[in-house]
Amino acid sequence: MPHELPKAYDPTAIEDHWAEYWVKENLFAQPTPDQNHGLNGQTSFTVLLPPPNVTGRLHMGHMLNQTEIDILVRWQRMSGRRALWVPGTDHAGIATQMMVERQVESEGSSRRQLGRDAFVERVWDWKRHYGGAILGQMKRLGVSVDWSREYFTMDEHLSVAVREAFVRLYEQGLIYRGAYIVNWCPRCQTAISDLEVVYDEHKGHLWEIRYPVIGDDGKDTGEFLTVATTRPETMLGDTAVAIHPEDERYTHLHGKKLRLPLMNREIPIILDEWVSREFGTGAVKVTPAHDPNDFALGQRHNLPSINVMDETAHINAEGGAYAGLDRYVARKEIVAHLEEQGLLAGIRDHVHNVGHCDRCKTVVEPRLSTQWFVKIQPLAHKAIAAVKEGHIRFTPEMYQKTYLNWMENIYDWCISRQLWWGHRIPAWHCGTCHKITVARVDPAKCEHCGSEQITQETDVLDTWFSSGLLPVSIFGWPNITAENRMDFDAFYPTSLLVTGFDILFFWVARMIMLSCWFSTDIPMPDGSPRSLADSVPYREVYIHALVRDANREKMSKTKGNVIDPIEIVKQYGTDAVRFTLASMASPGTDIAFNVARTEGYRAFANKIWNAARFIFMQDQLAENAWNFGIYDYLDDEDFDNGPQWGISNESPFEDRWIVSRLHAVTKEVDRALSDYRFDEAASAIYQFFWGEFCDWYLELIKIRLNFSPDKTQQASVLNALRTCFGVYEAALRLLSP
RNA sequence: GGGCGGUUAGCUCAGCUGGUUAGAGCGCCUGCCUUACAAGCAGGAAGUCGGGGGUUCGAGUCCCUCACUGCCCACCA
């Protein structure tokens, strides 16, 4: 029975063993509750893993996220709740398509050369091959998810949910299609949402261009109106110039027309109070097809829109002599030609924000194009109420403000993407009457004219449209049957969402809007209608920090400062890394990951190992212990319900002390975890185990061992050992075993 | 242009609703291979809590202000 343990803790072998065992036994599965017994009196604790992209490799952010969730899930499970943690992966539209495009290109082919069907098949291949990378890594790390419930956002039943959601919103008049200014990525050749545009400060120029004024006789008067622009190439699509109605410099030009240089087109001067008199020259060239402000102006003043660029941001046929040129080449030539013609009034240095595609960093081109949108106000309205009425609580609290502020100023959501990878929009265009048929199942003919000349919309949906539905779709919505009904009742609303603030709007906000909107049609278990309070996707949101490098720099491949969690884990062990993250996870600040801390916690793991070693090494006592039944005690099922101390008023002081300390620490850890204070929980455990249990209690035990050799004292010593085991075991439980 | 954080030991960070000599890890110094652990043990040095002002019997903790720093949001060409 005495154990020969190595002197130093080697995590690898032990972790490999247990990780494999946990997965094999699917130890953390939470099957659909029994039809008759429901949850059997237990309450549930449900968490969704923020689904990693299929393109990803596990990074420190995942590791932090999973460590926190795992701690909470295990803690709740130990507290007797039905803890369910659902894993899955996200198809990640653009990101994945880009990845596979690159692969295809490296083979000398291209996406278009392959064609849609073949390309999509390639992406599926790719997904099958690499898509499980992160989940595989998670398995090795031993996260306590229910692997039997693993999903992929393009699984059949989840795609059904996406389609249902789209059709319903359409039927409710909340999805519309139209030509509006969208953010267009010329590299990805798709529209992207406002959130997918990141702005960088750019030292550019403000070009001042003279537009000739035309007299009543149709000839140039010799006067000019000078406009200022940061994007001269867009002038090819100008359909007006706007000035402020009360700008006295230009009063005499009211009602006049201008000759658009290079294009020789007559354009009106319009008056609009939106124009700032202070900025630039006080005269704004108006390009409704290439600027959101100008688009709005165009709507107000009934101006035509001339789209002068194609989907690759090359000038199209509307650009006359410049057709075929890249936007920046065109800019250069246009500026040069203006200068030749004496129409360039000046060039100023100008610092302004330029939008880039979040994915590929290409400069975004605002561009008029026909897209699908969600009329978001009604959904936002509910999502605001859900939070304001306290049905969803944010931690840290300040994110509630951030959330509400965004939600209250929300714009319609552009959900269509000109991609091939994703959920294809369930809409069909009629070749005969040109109307649209939106349907749950592929229609055979146009619902308006009955024509069979229909073709499906080529666009796919924004990735976040499907992930926003996950809280309801993974539990069976919209097809709630007698079977999965129990699941929905038991686990929806989920208890908690743990995620980073970087997807607060992308995902958290969308989930709240979509889930609140769609879950209402599923009545409560007792048949009563579902209130807003029970429609929410989760009751709590815990937002954690970003993990940065030791110098507080964002980790990025280009900077080469990425700390690969798997490497660190290999070196120090999973527990050491997890303990580091937990201990550094204090609210409000980013985590500057410091390997020195991990070294310290590897030492802690070693300390725990050696405490066990000490206890097991008491050979002679262990033998006696066997006789005295201490191992029976350890085998006792009661032990599974927590150690029984056998502490009484007569017990030695140190026994009573350590047990009382254990209880206090347990309480402290409970408190800390219920406040999401992983750092405080970690610190309490660390201090207790090392500073009290090892430094004091085990030392006192040594003294007892040395000074109580006779039989009469044996019981006391054994009781001490029993307490050792007990505290040790309990401490391990605290560490979320 | 709005909004939100941060600024505490050499480094990375705690310090909850204001209350005894301001804490931890790593690092540093001194002494120890004491039969669980040198990834250890015993002990030690180290901070005018960003600057200034205020409230209070009492402030790292509340208020004002300044400075520096980071982040989010925003259609000024």
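Fair warning: this is a prediction, and the values are worked out from it, not measured in the lab. Proteins come first, then strands; the chains are lettered A, B, ... in the order of their sequence lines, and each starts at number 1.
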Asker: Per the side chain to side chain contact (heavy atoms under 4.5 Å, CB included) rule, which among A:L368, A:N307, A:L236 passes with A:H290?
Answerer: A:N307
Asker: Any ion pair linking A:R277 and A:D247 (charged N to carboxylate O, less than 4.0 Å)?
Answerer: no
Asker: Treating primed atoms plus P, OP1 and OP2 as sugar-phosphate and everything else as base, which nucleotides of nucleotides 68-77 of chain B get B, S or - for protein heavy atoms under 4.0 Å?
Answerer: ---S-SBBBB
Asker: Do A:F678 and A:Y542 have ring centres separated by under 6.0 Å?
Answerer: yes
Asker: For A:H352, which residues count as a ring-ring contact (aromatic ring centres under 6.0 Å, His included) partner, sequence neighbours excluded?
Answerer: A:H202, A:H350
Asker: I'd like a table of atom pairs between the protein and nucleotides 40-43 of chain B - only N or O on both sides, under 3.5 Å - with the distance next to each one.
Answerer:
from	atom 1	to	atom 2	distance (Å)
B:G40	O3'	A:K607	NZ	3.2
B:C41	OP1	A:K607	NZ	2.9
B:C41	OP1	A:W690	NE1	2.6

Asker: To the nearest Å, how far apart are A:E668 CD and B:A14 P?
Answerer: 16 Å
Asker: Would A:E273 and A:R300 pass as an ion pair if we require N to O under 4.0 Å?
Answerer: no
Asker: Pick base, sugar-phosphate or nothing for A:E397, based on heavy-atom distances below 4.0 Å to the nucleic acid.
Answerer: nothing
Asker: Taking A:Y601 as the fixed residue, which of A:F689, A:Y572, A:Y686, A:W690 is the one that meets the ring-ring contact (aromatic ring centres under 6.0 Å, His included) rule?
Answerer: A:Y686
Asker: With the sugar-phosphate defined as primed atoms, P, OP1 and OP2, and the base as all remaining atoms, what B/S/- string results for nucleotides 15-20 of chain B, 5' to 3', for protein heavy atoms under 4.0 Å?
Answerer: S-----
Asker: By the 4.0 Å heavy-atom rule, please label A:Y601 as base, sugar-phosphate, or nothing.
Answerer: nothing
Asker: In dot-bracket form, 5' to 3', how is RNA chain B paired? Count Watson-Crick and G-U wobble pairs only if both distances fall under 3.5 Å, and write | where the partner sits on another strand.
Answerer: (((((((..((((.....[...)))).(((((.......))))).....(((((..]....))))))))))))....
Asker: With sequence neighbours left out, write down each residue that passes salt bridge (charged side-chain N to carboxylate O under 4.0 Å, His left out) with A:K361, or none if nothing qualifies.
Answerer: A:D358
Asker: If you measure from CH2 on A:W696 to CZ on A:R661, what distance do you get to the nearest 0.5 Å?
Answerer: 13.5 Å
Asker: Give the nucleotide from the list B:U12, B:C4, B:A36 with an atom nearest to the side chain of A:M398.
Answerer: B:C4
